[in-house]
Amino acid sequence: MTTTATPALYPSNTSPSPSNGANPFATVTNGINGTSQAIADRIQIVNEQKEFNTQLSQQIEKWGLHDAGFSYNIVAVFGSQSTGKSTLLNRLFGTTFDVMDETRRQQTTKGIWMCRAQTAPLLVMDVEGTDGRERGEDQDFERKSALFSLASSEILIVNLWEHQVGLYQGANMGLLKTVFEVNLGLFGKRDDPTQRTLLLFVIRDHLGTTPLPNLQATLSQDLHRIWDSLAKPEGLGNARLEDYFDLAFEALPHKILTADKFESAVAQLRKRFTGENGTETLFKPAYHKRIPADGVTHYMDGIWEQVQSNKDLDLPTQRELLAQFRCDEISAAALAAFNEDVRTVRRPVEAGTVVEGLGGTMAGWKEVTLAKYDQAASRYHPAVYQRKRDDLVTTIHTTLHPIFYSQLKNLSKLTLAKFKKALGDGLKANTTYDFAEVVGKAKDTGLGEWEAATKDMLSVVGEKGGEWAGGWEEERSTLVVELGHVADVFRKDETTKMVNQIERSLRTQLADPVEVALAKPGLDMWDRVLTAFNDLIEKAETGYVEKATSFNCTEEENDGALKTIRRRAWISLLNKIKEHTADAALLAKLRASFEELFRYDEHGVPRVWKPEDDLDSVFKKAKDVTLDLIAVYAKIAPTDLSLLPTNIPSDDDLPPSFLASNSSDDFEFESSLVLLSETKQLDITSRFRRDADAYYVEAKRSTVASIAQIPYWMYGVLVVLGWNEAMIVLFNPLYFALLLGMLGAAYAIIQLNLVSPLFAVGRTVSGEIQRQVGARLREHFSQPVDTAPPRQPRLAAPQANRYDDEEVEMRPINERVQ
């Protein structure tokens, strides 16, 4: 709402009002702002130029009522000029309004003034009197001030003389009719149908000739007659005066003639305002405008603006506008503090940090912000207060929602990281793990922690999460999917590890059966190899299926893994076979087979070739049989064709993961059965023939060596020629004793296994003798004939070097001894 331009603060007169009697409040101190002087200050809220003073708010704060809420009241006085209105207010409330100089009889109060009562939280308005000569026929200000007073105050004191009762203009009945008629729309649009205003008629200078009840009846009749004559708006034709006003009457004795009675009556009336000594107060909840004290200035400014523009005085609208203005101010102040708190958390959350206890922190911010708003704004128009409160809640939620969403994302990332670590630790901790159990436990733990950390944030917007619940559910669903993806990655890795482990196991288990079968070639060689291979494959597939049940693998994944196992097992078998059918290995096997046939008979006894043996036939048979084995080694061809595996997958049937990890050439099962090409077979045959021919030549030479032996008659010649020497040794005691000693020493040496050590010592000694002799000869022949004077003796160092050389020379001897 806009207000009329307001000049500088109107000076307030703080001097005590002149009066004919002592001011009973002159020395009262209430303690507000330190002294009663601050309370005694008054302010002109509307000046003679009809301008509203917006500095009223500072004055109310100075009076100590800014934070009073609804614990205050407003009283206004209305009446003809020079009827003692200001004097009455000063006597009743201890205010300091200017009073008339009775010797001059002129206008004292100009415009509308306000002051605070001394003994109660009461705002008192002193309104410029009506029917003054200074205004003349200009009744515009009278009407506007009357409307303003009626709309702003809870109790409107109508001040009139006793002799004015029964008069139309003197009792201001004409002005009241105008006010009622113009503003009947106001009273018909009440928010609270029980809300009313008290019209307190104070009859001055009552002499007692006419009893107060008679005066009261006259005024009541006049007011009802005026009310009945009003042109009421549609729908209010049956409205009664009592529906909108309460009437009260009070008579005061003559102020000058009976001063003591006047002061006593004023004191009694004061108690009715303040409720002293248990007196029933005139103020009732129905009279209060429900405007908080800190909004009075804005409220009155809006009313005066409407009065000035000749608009119908719509009090509910003014209350709503005031409530909107003040609630917006209070909401903005509360949000400023709220935004400062949020700023400390927004940056780390947006940077990816998980803030612990964020839900409770946000709920605390919201609670504090709403508490600040409720404390200051709940006193205003309930509908506006609630609407603005809802707007404030929406603003709070809008501000917190990005932080809430970022926190969800951060918690999801943290949960994924913890889930990966939990899976890794769970799979490493035990080699006999149940994959499904490990994944389920890690997933339940991760989701449980995520929900516990995020659900408290939903309490910020309500018990069920409000508009945030949808985002929470969506993020949770996304997290579950991502956890599933991580679990799939781990499952694939573990499946790959298991397949690799099975492959290594098969490779190890295939080594012995292949080596044994290929070492004993024959027509059933490949039957033995394939039988062992099929048994191992069946065990490996069974083991995979049993363990894969805990992996929650799909049928497609299991089928791909089994195909991979079969393909890798077959390739491992081929590699192992190729190791044993390489050129050198195959030739060694062929030689071994040939030697077994050629050098050993059918009983396994080694052959000793004699000239009469049929060497050529045996050699030809052994060579032909061995050459036939080359064809057996050349291709995997079992006698029982059912042993050949039929489920070895081709490249098209394998999963991409296998093809990506194997860069070998295109695989074809039929081609893999061929181990030796035709060219390779011819080369092996040629090389084997040369080896077999060498064995044949060796055998031939052994037969020739057995024929070239010493003739038997030579042994007789040796006996005849050596007979004399033998007799000399046998019959000579010395020679015979020496012979026995030598035979005994030889027996002892043989029994003690000293033959080899003695030979070693002998070789060492002979070698040392030869070295020493050689060294002396080199030394002798290396010295020239010396005719020069004798030289100085050689130093010890060369001798040491010579010994070093000798040590070097000795080193091979020592090594030979060892």
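All residue numbers refer to positions in the sequence shown, counting from 1.
- Here the options are Leu370, Val368, Leu400, Leu392, the test is side-chain contact (heavy atoms from CB on, under 4.5 Å), and the partner is Phe338; only Leu400 passes.
- For the side-chain hydrogen bond (donor to acceptor under 3.5 Å, both in side chains) test, residues two or more places apart in sequence or in another chain that qualify with Tyr380 are Asp294, Arg326.
- At a threshold of 4.5 Å between non-hydrogen side-chain atoms, the residues Phe273 and Asn73 do not count as touching.
- Applying the ring pair (Phe, Tyr, Trp, His ring centres under 6.0 Å) test to Tyr72 and every residue at least two apart in sequence or in another chain returns His288.
- Take Leu414 and apply the side-chain contact (heavy atoms from CB on, under 4.5 Å) test, not counting sequence neighbours, and it matches Val354, Lys418.
- Here Gln386 pairs with Asp390 under the side-chain hydrogen bond (donor to acceptor under 3.5 Å, both in side chains) rule; sequence neighbours left out.
- In terms of the salt bridge (Lys or Arg N to Asp or Glu O under 4.0 Å) criterion, Lys271 has no residue partners (sequence neighbours excluded).
- The stretch residues 345-377 participates, sequence neighbours left out, in these ring pair (Phe, Tyr, Trp, His ring centres under 6.0 Å) pairs: Tyr373-Tyr385.
- The closest side-chain heavy-atom distance from Ile155 to Phe283 is below 4.5 Å.
- Residues Ile43 and Trp63 meet the side-chain proximity criterion, which asks for heavy atoms closer than 4.5 Å.
- Under the 4.5 Å side-chain criterion, counting only non-hydrogen atoms from C-beta, Phe325 is not in contact with Asp328.
- Scanning both residues, Ser149 and Val127, for their nearest heavy atoms gives OG-CG2, 3.0 Å.
- Under the side-chain hydrogen bond (donor to acceptor under 3.5 Å, both in side chains) criterion, Asn410 pairs with no residue, sequence neighbours left out.
- Outside the 6.0 Å centre-distance limit, the rings of Phe52 and Trp304 are not counted as a close aromatic pair.
- Residues Thr96 and Arg42 share a closest heavy-atom pair of O-NH1, 2.5 Å.
- The side-chain contact (heavy atoms from CB on, under 4.5 Å) test applied to Ser412 returns Trp450, Glu475, Leu479, not counting sequence neighbours.
- Listed here is the closest heavy atom pair of Ile330 and Lys372: CG2-O, 4.2 Å.
- Partners of Lys413 by salt bridge (Lys or Arg N to Asp or Glu O under 4.0 Å), not counting sequence neighbours: none found.
- Residues satisfying the salt bridge (Lys or Arg N to Asp or Glu O under 4.0 Å) criterion with Lys421, sequence neighbours excluded, are Asp425.
- A search for side-chain hydrogen bond (donor to acceptor under 3.5 Å, both in side chains) contacts involving Glu350 returns nothing, not counting sequence neighbours.
- In this view, Arg343 and Glu340 satisfy the salt bridge (Lys or Arg N to Asp or Glu O under 4.0 Å) rule, not counting sequence neighbours.
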